[in-house]
Amino acid sequence: MSNLFTSSIGKKLVMSLSGLFLILFLLVHLGANLTVFGGESAYNAMCEFMDTNIFIRIMVPVLALGFIIHILYAFIVTLNNRKARGNMRYAVQDLSKSSTWESRNMLVLGIIVLGIIIIHLFDFWSQMQLQHFIGGTPTENPYELVIDKFSNPLMALIYIVWVWALWFHLRHGFWSAFHTVGLDNQIWISRWKCIAKIYALVVAVGFTIIPLYVLAQRFVCGSL
């Protein structure tokens, strides 16, 4: 067990497994968020279900732990990799031929994603689901909260930047996780990379159209 958390391979395995867990969560979260297109009653009903369902309430701390583990081990693995390279990192190399841009900047992309996740938690989760956990008073109308936040062009832009930083992060992280856990070979590695691109694009487009939809309704159609 100690090797799982201390060895180089073990650390990468923990990071990959926690990453796959978060990849699954993103699809669930996206599906829930897309109910905003069903209107106020549909979105508020979804939020009520998410806030009161016992399984989801149990999964919230598990999800939080998954985030913490993934972030912690991402930093550890990155620092260990840089330490292992030592002075080689100062050598002149054309890394673009041997690796993708996102693979060389996963830590930077991760920091961007983390920063906006913190904003997201403050803007939405702290006013909705968190209040159910601490016995507070959640916002009466989650739909109006979403509309109000994304009606601000700056806030909408911040979330769109987050989504496309996440897109880069997922394009590499998805297939890399399967590679680390050993579920690949010469045939499947190309398939995982293809699936990763499709998955990352679906997630990015899905999350992007929500703030764009709100902005369009507010400033073009004058509704909502």
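Only this structure's heavy atoms are used, side chains among them; waters, hydrogens and symmetry mates stay out. Everything numeric here is computed off the predicted structure, so don't read it as measured data. Note that the numbering runs from 1 along the sequence shown for the chain.
None of Phe168, Phe174, Trp175 except one satisfies the ring pair (Phe, Tyr, Trp, His ring centres under 6.0 Å) rule with His172; the exception is Trp175. Of the residues listed (Trp162, Tyr213, Trp167), the one engaging Phe207 in a ring pair (Phe, Tyr, Trp, His ring centres under 6.0 Å) is Trp162, and it is the only one.
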**Message:** Under the criterion side chain to side chain contact (heavy atoms under 4.5 Å, CB included), I'd like the reasoning laid out for Leu17 against Leu13: C-alpha separation, chi angles, the key distance, then a yes or no.
**Reply:** CA-CA 6 Å; Leu17 291 175; Leu13 182 61; 4.0 Å; yes
**Request:** Give the intermediate values and the outcome of side chain to side chain contact (heavy atoms under 4.5 Å, CB included) for residues Ile117 and Phe67.
**Result:** CA-CA 11 Å; Ile117 283 177; Phe67 268 109; 3.8 Å; yes
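Ile160 CD1 to Met155 CE: the interatomic distance, rounded to the nearest 0.5 Å, is 12.0 Å. The line from CD1 of Ile76 to CD1 of Ile71 is 12.0 Å long, rounded to the nearest 0.5 Å. With rounding to the nearest 0.5 Å, the separation of CG in Leu215 from CD1 in Ile210 is 12.5 Å. Trp164 CH2 to Thr208 OG1: the interatomic distance, rounded to the nearest 0.5 Å, is 5.0 Å. A distance of 9.5 Å separates CZ in Arg171 from CG in Leu201, rounded to the nearest 0.5 Å. How far NZ of Lys193 is from OG of Ser176: 9.5 Å, rounded to the nearest 0.5 Å.
Between the Gln131 side chain and the Ser126 main chain, a donor and an acceptor come within less than 3.5 Å of each other. Asn44 contributes a side-chain N or O that, together with a main-chain N or O of Tyr143, makes up a donor-acceptor pair within less than 3.5 Å.
For the pair Val214/Gln217, no side-chain contact is recorded, criterion being any heavy-atom separation below 4.5 Å from C-beta on. Contact check for Leu63 versus Leu22: side-chain heavy atoms found under the 4.5 Å cut-off.
Following chains of ILVMFWY side-chain contacts shorter than 4.5 Å, one can reach Leu166 starting from Ile119, so the two form part of one hydrophobic cluster. Hydrophobic clustering keeps Leu65 apart from Ile58 (ILVMFWY residues linked when any side-chain heavy atoms are closer than 4.5 Å, directly or through intermediates). In the hydrophobic clustering of this structure, Phe75 does not group with Ile68; members are Ile, Leu, Val, Met, Phe, Trp, Tyr whose side-chain heavy atoms approach within less than 4.5 Å, directly or through other members. Val28 and Met128 are not part of a single hydrophobic cluster, where members link through side-chain heavy atoms under 4.5 Å apart. Cluster annotation: Leu212 and Val36 are assigned to the same hydrophobic cluster (Ile/Leu/Val/Met/Phe/Trp/Tyr, side-chain heavy-atom contacts under 4.5 Å, transitive).
If you look at Phe25 and Phe21, their ring centroids are not closer than 6.0 Å.
Among all heavy-atom pairs drawn from Asp123 and Lys149, the shortest one is OD1-NZ, 3.6 Å. Residues Asn152 and Leu154 share a closest heavy-atom pair of OD1-N, 2.9 Å. Annotation for His70 and Ser18: closest pair ND1-OG, 3.2 Å, computed over non-hydrogen atoms. Closest of all the heavy-atom pairs between Asn33 and Tyr43 is O-CE1, 4.1 Å. When every heavy atom of Ala165 is checked against every heavy atom of Ile112, the shortest pair comes out as CB-CG2, 3.8 Å. Val60 and Trp125 make their closest contact through CG1-CZ2, 4.0 Å (heavy atoms, listed as atom of the first residue, atom of the second, distance).
No more than 12 heavy atoms of other residues, nucleotides or ligands shown are found within 6.0 angstrom of CZ on Phe122.
Between Phe150 and Phe124, the angle of the ring planes lies from 30° to 60°, which puts this pair in the tilted group.
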